[in-house]
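What you are looking at is a predicted structure, and each value in this text was computed from that prediction instead of being measured.
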Amino acid sequence: MTTFDTWTQSQVEIEVRNALIARTDSPNDWETVSDAVDVYLGGIEREETRVLDREAIDRTTVFAVVESIVRAADDQ
C-alpha cells in the first residue's frame, strides 16, 4: 500500500481496487469499487456526525476502508 499523509477519494478507490485484485486475482468493476468506497465513507460521516474532506482523507481512515471492503469481499 502506498503511504500518504492524506488521500483523495480517487486514490482510496485505486488502493481498494488494487487490494481486491491482489486478494481475489480478479478485477472488480470500477463503478462497484467507487460505490463501495463512497458508501463506506458516508457511513463514517453518519457515525461520527461530521463531513469528511474527500480530498484529504487521513491514513487511519484509508486503512479502515481498504480492510473493511476487502474483508467484505472475502465473506462473499
Side-chain angles (χ1 to χ4, degrees):
M1 176 178 268
T2 308
T3 56
F4 301 106
D5 288 334
T6 61
W7 301 55
T8 66
Q9 182 170 339
S10 295
Q11 289 171 312
V12 177
E13 292 168 0
I14 291 166
E15 199 63 38
V16 167
R17 188 166 190 267
N18 289 342
L20 288 169
I21 290 170
R23 182 70 73 105
T24 65
D25 200 32
S26 174
N28 290 26
D29 176 81
W30 183 257
E31 189 172 318
T32 302
V33 171
S34 179
D35 289 348
V37 170
D38 193 49
V39 166
Y40 192 89
L41 292 174
I44 292 171
E45 290 175 328
R46 282 188 301 283
E47 185 177 297
E48 297 181 4
T49 61
R50 67 181 178 99
V51 176
L52 291 173
D53 180 351
R54 303 288 176 108
E55 295 299 313
I57 303 167
D58 66 89
R59 192 180 341 201
T60 302
T61 302
V62 172
F63 290 137
V65 170
V66 173
E67 182 179 319
S68 295
I69 293 173
V70 170
R71 189 175 336 121
D74 284 344
D75 292 343
Q76 290 184 354

Least distance between heavy atoms, [X] atom then [Y] atom:
{"X": "Ser34", "Y": "Glu13", "result": "OG-OE2, 3.0 Å"}
{"X": "Val66", "Y": "Glu15", "result": "CG2-CG, 4.2 Å"}
{"X": "Asp5", "Y": "Arg59", "result": "OD1-NH2, 3.0 Å"}
{"X": "Ala73", "Y": "Leu20", "result": "CB-CD2, 3.5 Å"}
{"X": "Ala19", "Y": "Val70", "result": "CB-CG2, 3.7 Å"}

Straight-line distance of [X] [atom1] to [Y] [atom2], nearest 0.5 Å:
{"X": "Gln9", "Y": "Asp53", "atom1": "CD", "atom2": "CG", "answer": "11.0 Å"}
{"X": "Thr8", "Y": "Ile57", "atom1": "OG1", "atom2": "CD1", "answer": "7.0 Å"}
{"X": "Arg23", "Y": "Asn18", "atom1": "CZ", "atom2": "CG", "answer": "13.5 Å"}
{"X": "Gln11", "Y": "Thr6", "atom1": "CD", "atom2": "OG1", "answer": "7.5 Å"}
{"X": "Glu67", "Y": "Tyr40", "atom1": "CD", "atom2": "OH", "answer": "8.0 Å"}

Assess the residue pair Ile14 and Trp30 against the criterion (side chain to side chain contact (heavy atoms under 4.5 Å, CB included)); give the C-alpha distance rounded to whole Å, side-chain angles, the decisive distance to 0.1 Å, and a yes or no. CA-CA 9 Å; Ile14 291 166; Trp30 183 257; 3.6 Å; yes
Around atom CD of Glu48, are there more than 12 heavy atoms of other residues, nucleotides or ligands at under 6.0 Å? yes
ILVMFWY cluster, Ile69 and Ile21 together (side-chain gap under 4.5 Å): no
Option from Val16, Val62, Thr32 for which side-chain contact (heavy atoms from CB on, under 4.5 Å) with Val37 holds: Val16
